[in-house]
There are 2 protein chains.
Amino acid sequence: MPLSSPQSSDHTPEAAGEGAVRADSIAAVAQRVGVSVATVSRVLNGHANVRDATRARVLAEVEASGYRINELARNLRTAESRLLLTMVPDFGNPFYAEIVRGIDSVARQHGYFMLLCDTGADAGRERSYFDLLRRHRADGAICLDPATVQHALAAESTALPWVACCEYDPAMGVPYVGIDNYRAAHDAVRHLIARGRRRVALINSDEHYGYAQQRRDGWRDALAEAGIAARDAWRVNVNCLDYDAGAQAAAALMQLPATEAPDAIFAVSDTLAVGVLNGLRGVGRRVPHDVAVVGFDDLALAAQIDPPLTTIAQPMRELGETAARLLLRRFAEPRARVPGVLLPHRLVVRASG
Amino acid sequence: MPLSSPQSSDHTPEAAGEGAVRADSIAAVAQRVGVSVATVSRVLNGHANVRDATRARVLAEVEASGYRINELARNLRTAESRLLLTMVPDFGNPFYAEIVRGIDSVARQHGYFMLLCDTGADAGRERSYFDLLRRHRADGAICLDPATVQHALAAESTALPWVACCEYDPAMGVPYVGIDNYRAAHDAVRHLIARGRRRVALINSDEHYGYAQQRRDGWRDALAEAGIAARDAWRVNVNCLDYDAGAQAAAALMQLPATEAPDAIFAVSDTLAVGVLNGLRGVGRRVPHDVAVVGFDDLALAAQIDPPLTTIAQPMRELGETAARLLLRRFAEPRARVPGVLLPHRLVVRASG
DNA sequence: CTGAAAGCGCTAACAC
DNA sequence: GTGTTAGCGCTTTCAG
C-alpha cells in the first residue's frame, strides 16, 4: 500500500493533488481547452459573447479539473473586495446578533460577504476597523456604534461608503436606518402610567448612544405629560447591557425610601430587563405587583421568562436588512440623496407590566 | 461659497479629496519622496534594511498624504487573504456567539480578520462557504457544524487548512477542540440521580451532531449504572435549539402517564432548558419540586432566570480561542501531527436541579 | 466570437 | 541601503 492515500482512487485532478500542487490558473485552464484566457474569463463571468460550443468545452474542463477562480486576483483587478464591514459594539447581545443576521442575508443575496467586527463601542478600535475601507479590504461599512464615535468617522470621511444602523444622527449626513426612539420610550412610559404607575424609573445605557438620549427624553416627557416630574434618583445609566448590570441597577433603585421608590422600571434593553427581574426577586419585590417592568427590543427571550416581559419590539431583522440595502444602494449611486429610514416599533404587552 | 465643502479648510491631501480622487499608490508615494517603490514597501512592512533617515522621510510622506496600502494588491502578491472563515450553525445562539468571540480575539491578535458565515447547519450552504478556501478568499476555516456535514468536507479536502470546534470526529483526521460530551452528560445525569431523581428525560438536539450522540450515550449509561433503563419515551430530539423547542418538548414529556412522566429533564442546551422551564410552568409543574431541570453550556442567562439553572459549563471562550490557535498553528506547520484537544467541563449546581 | 496584451498595486528577488 | 524589475492571476479594452 502506498504511503498515504486517504482519498479514494478517484483520479480527477481535484482529488489527486488537492492542497499539494500549486493551484491552477485561468491560463492553465485556457491552455488545456485550447482557447485564450479571455475566453475562459468570459465564460466564468457569464458574458454572452461566447459560442455555445466553446463555452461548453470550457465549462467541461473547469468541472473536470475542479478549477476555482482566484478571487484575490479578481479583486485586485476589479478593485473591489466584495466584503461588507459590520461594526457592532457587542455581538454577544442577541439584539445585535439578530441585526447582523439581517445584514448578512441581504449581503449574501448580492454576492457580498460580511466581515464582522466587535468594536466594544471603543472609538479607537472602531477607527482601526474603519480603516479597512481605506485599505480596500472592505467595500463599505455598516456601523452600529454609538453616535459619539460615529461622529469621529463622519468628520474624517463622510465620503467613504458607510451607513449607520440603529444609532444615527441625521445631522451627520450619513444614510441611516433606525427607529423613533423618542416615541418608543414615550409609548412605553405612557403605557405604565395608564396602568396606574406613577414613579417610573429608567435604566438607560451610556448616553454616548443617541438612542439613550432620545429614550431618556421620551421617558421624561411622558412623565411630564402626566404631571409627574422625572426625578434624577429614578434614572440610572449603565455602561453595559448585560444581565448583571440590570440586576444591580434594579437593586440599587429599590434602596430608595419607600415614598420615592419606583413602582415601575423601564429598561432600555430586554437583557437589562431580565436582569432587573432577577434583581427585584433578589430584594423580595414581586413583578408586576410591587413594581412593573418594561423592556426594549422584544428578544425571543422576553416571552420565555417569568413573568413574560412587556417590551417595545424593534424590527431587528429589517433594521439589518435595510442597512445593508442602503449601503448597496450607495455603491450603485454614490451621489444619490441619502435617505434616513425610520422603521416602526411596537409595544408588546405581557405580564411584567 | 463653493459648491461643496463639507470638510474644514484643512488642506492635507487626505481631507482634500477623499473618495473623489483616485487612491494613490505606493508608486506615487515613492515618487513624491524620491525613492523607489521597493524602499517604500520595505518601510511599510517594517523591514530592517532601510536607513533611518530614509525611513523617516517615507513615514512623513505617508503620514502627510494619508496613504493607505492597498491590501487587495498585497493579498494577491503574497497569496493570502488574512481572513479566517468561521462557519457556525446559528450565531443567534449565545453559545456560538461567545465562541465566535474567542475566535475573533485570537485571530485579530495575529493579524487576521474573521469572515463569519451562518450555515444554518445546512450541508449545501456549508459546502459553498467552504469553497471560499479554494477561491483564496479565506486562508483557513473553523467549522462548528454537525459532524455529519463535516464528514462531507473531510472527504473532499482533508488537505485544506481547517479545524473543527465543538463538533468533531477524531477519525476524520482534522484537528479539533471540544469537550468530553459523554462524560459531561454522564455527570449531569448522575447528579440528578444523586438527588433522588429516577425518571430522567433527555431533550437532545438533532443527532447529526456528534455531541448529541455522545450526550445521549452518557445519559443512557448514567441511568443504566443506577439500574434504570432509559426509556425511549423519555428521549426527545429537537432540530433547533431555541426556547420554543424546549418549551414544547417539555410540555410533550409531561403528557406521559403519571407513573412514567419524568421527574427530571436534562436538556442539552441552556436555551432549550430556559424553554423547558417555561413549558413546565405552562403545564403547572413546579421546578425543581415536581421536576428538576439541568441545562448545558452555562450561558450568562442561566444564572438570571427563575429558578437559576443547574447546568454543565463549557469553556466557550477558550473553545473558540483554541480553535483559532489550532488553525494558526496549522498555517505555520502544515504537516505537523494534528492534535485533538479536549477542554474541561464543569457541573454548576443551582436551584433548578 | 475570439485572442493578444496591458495593466490592477504590491512584494521580493536580484543587482549595484 | 537602495533601485530595477518580474510577476501574482485576473479582467478588459482593442483588434481582427
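So you know, we letter chains A, B, ... as the sequences are listed, proteins then strands, and number each from 1.
The side chain of A:L76 lies closest to C:dC8 when the candidates are D:dT12, D:dC10, C:dC8. Checking D:dG9, C:dC10, D:dG1 against the side-chain heavy atoms of A:A73 singles out D:dG9 as nearest. Residue A:R51 places its side chain closer to C:dT2 than to any other of D:dT11, C:dT2, D:dG1.
Residue contacts for A:I69: at a heavy-atom cut-off of 4.0 Å it reaches the sugar-phosphate backbone alone, with no base atom in range. When heavy atoms are screened at a 4.0 angstrom cut-off, B:N70 is found touching the sugar-phosphate backbone but no base atom.
Across the protein-nucleic acid pair, B:N75 atom CG and C:dT11 atom C1' stand 12 Å apart, rounded to whole Å. The distance from atom CG of A:D24 to atom C1' of D:dG9 is 11 Å, rounded to the nearest whole Å. Across the protein-nucleic acid pair, A:L72 atom CG and D:dT11 atom P stand 13 Å apart, rounded to whole Å. Note: CZ (A:R74) to C1' (C:dG7) measures 18 Å, nearest angstrom. Atom-to-atom, CD1 of B:I26 to P of C:dA12 comes out at 11 Å; the value is rounded to the nearest Å. The separation between A:E80 atom CD and C:dG9 atom C1' is 16 Å, rounded to whole Å. A:H47 places its NE2 atom 9 Å from the C1' atom of D:dT12, with the value rounded to the nearest Å. Atom CZ in B:R77 sits about 9 Å away from atom C1' in C:dA13, given to the nearest Å.
One finds the CG atom of B:L115 at 6.0 Å from the CG atom of B:L85 (value rounded to the nearest 0.5 Å).
Side chains of B:R108 and A:Y129: a donor-acceptor N/O pair is present below 3.5 angstrom, by distance only. Under 3.5 Å, the side chains of A:N70 and B:R137 contain no donor-acceptor pair of N or O atoms. Side-chain N/O atoms of B:N75 and B:S81 include no donor and acceptor closer than 3.5 Å.
Applying a 4.0 Å cut-off to non-hydrogen atoms, the residues of residues 27-40 of chain B that approach DNA chain C are B:A38, listed by residue number.
Annotation for B:I142 and B:C165: closest pair CG2-CB, 3.9 Å, computed over non-hydrogen atoms.
When the side-chain nitrogen and oxygen atoms of A:T54 are compared with OP1 and OP2 of C:dT2, one or more of them lie within a distance under 4.0 Å. Residue A:N45 places at least one side-chain N or O under 4.0 Å from the OP1 or OP2 atom of D:dT11.
Ring-plane geometry between A:W162 and A:F130 is classed as perpendicular, the angle between the planes exceeding 60 degrees on a 0 to 90 degree scale with a lower cut at 30.
The base of D:dG3 sits with one of its N or O atoms less than 3.5 Å from a complementary donor or acceptor on the side chain of B:R42.
Aromatic pair A:F91/B:Y96: centroids not less than 6.0 angstrom apart.
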